[in-house]
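Remember, predicted model here, so these are calculated numbers, not experimental data. The figures that follow rest on heavy atoms only: side chains count, while hydrogens, waters and symmetry mates do not.
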Amino acid sequence: DVAHELRTPLTTIDGYLEGLEDGVIEASDTTWRLLRAETGRLTRLVSDLAELWHAESHQLPLRIEAVDLDAVAREVVDRFGPLASPRGIAINLASDPPVVARADRDRVAQVLANYLSNAIRHAPSGSMVVVSAGMNEETATLAVTDQGPGLAAEELEAVFERFYRIDPARSRAAGGSGIGLAIVRALAEAMGGRAWAESPGPGSGATFRLELPAA
């Protein structure tokens, strides 16, 4: 899987460099931007793979403390608002504070940012994405619900696998490295929690959840 994901951008870069060397491709701003974009893809992929390996092998340094999930959610929602507004997507935060977990604050924000990024990418224009937080005596939970294409039953686990694509025809260039949700699950487990997805089915939206020990 890794070899396949590396081969595509490397082939593109090699083809353009050969064209530049032979003089059949012009050394224009467009060419340089494309080459930078492809090297950027490679850099993100390598960085994400390194982070996934560290998380899965429990070698990622974590600062476990009492974390206000409502405050983290507000910060991440504010950060993603400008990305959602051009397509008329509203992000609503629904919580019943205080919602406090024992976790690493930065890693919780990373998980929520991944969930929100995916939700905005797949949500229809003019729809709503809801971020919710809640807790009981034992656990605290963050959830992101969208009105996107939804997931079939067999996809609920598959989406957390490395390089899994819901739409095989979808270009990786249009999304992330393909291992974001694998990192999410590894981070959740490293913090003593779990991550999973729920969906009524295709065409009915989806909810992605992060559950952590309550503080």
Inset, instruction - Just grab all the ring pair (Phe, Tyr, Trp, His ring centres under 6.0 Å) pairs involving residues 19-39, residues at least two apart or on different chains. - result: none

Inset, instruction - Enumerate the residue pairs fulfilling side-chain hydrogen bond (donor to acceptor under 3.5 Å, both in side chains) with a member in residues 62-74, sequence neighbours excluded, ordered by first and then second residue. - result: Asp70-Arg74, Asp70-Ser95

Output a table of donor-acceptor pairs, distance under 3.5 Å, between side-chain atoms of residues 194-211 and any protein atom two or more places apart or on a different chain; print 'none' if there are none.
| from | atom 1 | to | atom 2 | distance (Å) |
| --- | --- | --- | --- | --- |
| Arg194 | NE | Glu211 | OE1 | 2.9 |
| Trp196 | NE1 | Glu198 | OE2 | 2.9 |
| Glu198 | OE1 | Arg209 | NE | 3.0 |
| Glu198 | OE1 | Arg209 | NH2 | 3.2 |
| Glu198 | OE2 | Arg209 | NE | 3.2 |
| Ser199 | OG | Leu151 | N | 3.0 |
| Ser199 | OG | Leu151 | O | 3.4 |
| Ser199 | OG | Gly201 | N | 3.2 |
| Ser199 | OG | Gly201 | O | 3.4 |
| Ser199 | OG | Gly205 | O | 2.7 |
| Thr207 | OG1 | Thr145 | OG1 | 2.8 |

Inset, instruction - Please collect all ring pair (Phe, Tyr, Trp, His ring centres under 6.0 Å) contacts where either partner lies in residues 127-162, sequence neighbours excluded, each pair once. - result: none

Legend entry - Side-chain touch Arg107/Leu60, heavy atoms, less than 4.5 angstrom: yes

Could you give the side-chain donor-acceptor pairs of residues 11-20 under 3.5 Å, partners two or more places apart or in another chain?
| from | atom 1 | to | atom 2 | distance (Å) |
| --- | --- | --- | --- | --- |
| Thr11 | OG1 | Arg7 | O | 2.7 |
| Thr12 | OG1 | Thr8 | O | 3.1 |

Inset, instruction - Could you tell me whether the side chain of Ser117 and the main chain of Asn114 form a donor-acceptor pair under 3.5 Å? - result: no

Legend entry - salt bridge (Lys or Arg N to Asp or Glu O under 4.0 Å) pairs, two or more places apart, involving residues 85-98: none

Legend entry - From Ile89 atom CD1 to Arg121 atom CZ, the distance as rounded to the nearest 0.5 Å: 11.5 Å

Inset, instruction - Can you see which heavy atom on Gly134 is nearest to which on Val99, and at what distance? - result: O-CG1, 3.5 Å

Legend entry - Spatial distance of atom CD (Glu157) from atom CD (Glu155) [nearest 0.5 Å]: 12.0 Å

Inset, instruction - Find the distance between CE (Met191) and CG (Asp104) and round it off to the nearest 0.5 Å. - result: 6.5 Å

Inset, instruction - Would you give the length of the straight line joining atom NE2 of His122 to atom CG of Asp146, rounded to the nearest 0.5 angstrom? - result: 8.5 Å

Legend entry - Side-chain heavy atoms of Arg33 within contact of Thr30, under 4.5 Å: yes

Inset, instruction - Check whether Leu34 and Leu45 end up in the same hydrophobic cluster, where Ile, Leu, Val, Met, Phe, Trp and Tyr are linked by side-chain heavy atoms less than 4.5 Å apart. - result: yes

Inset, instruction - Can you establish whether the number of heavy atoms outside Gln59 located under 6.0 Å from its atom CD is more than 12? - result: yes

Legend entry - Hphob cluster co-occupancy, Val67 + Val77, side-chain heavy atoms under 4.5 angstrom: yes

Legend entry - Pairwise distance CD(Glu51) to CZ(Arg44) - rounded to 0.5 angstrom: 14.0 Å

Inset, instruction - Treating Ile, Leu, Val, Met, Phe, Trp and Tyr as nodes and any side-chain heavy-atom pair under 4.5 angstrom as an edge, say whether Val111 and Val130 lie in one connected cluster. - result: no

Legend entry - Ser125 (side chain) donor-acceptor with Gly88 (main chain) under 3.5 angstrom: no

Legend entry - Met128-Leu142 co-clustered via ILVMFWY side chain contacts under 4.5 Å: no

Inset, instruction - Determine whether Leu112 and Leu69 make a side-chain contact, defined as any pair of heavy atoms from C-beta on separated by less than 4.5 Å. - result: no

Legend entry - Contact check, side chains of Asn118 and Leu181, non-hydrogen atoms, under 4.5 Å: yes

Legend entry - Spacing of His54 atom NE2 and Ile183 atom CD1 [to the nearest 0.5 Å]: 12.0 Å

Legend entry - Connected via hydrophobic side-chain network under 4.5 Å: Leu6 and Ile179: yes

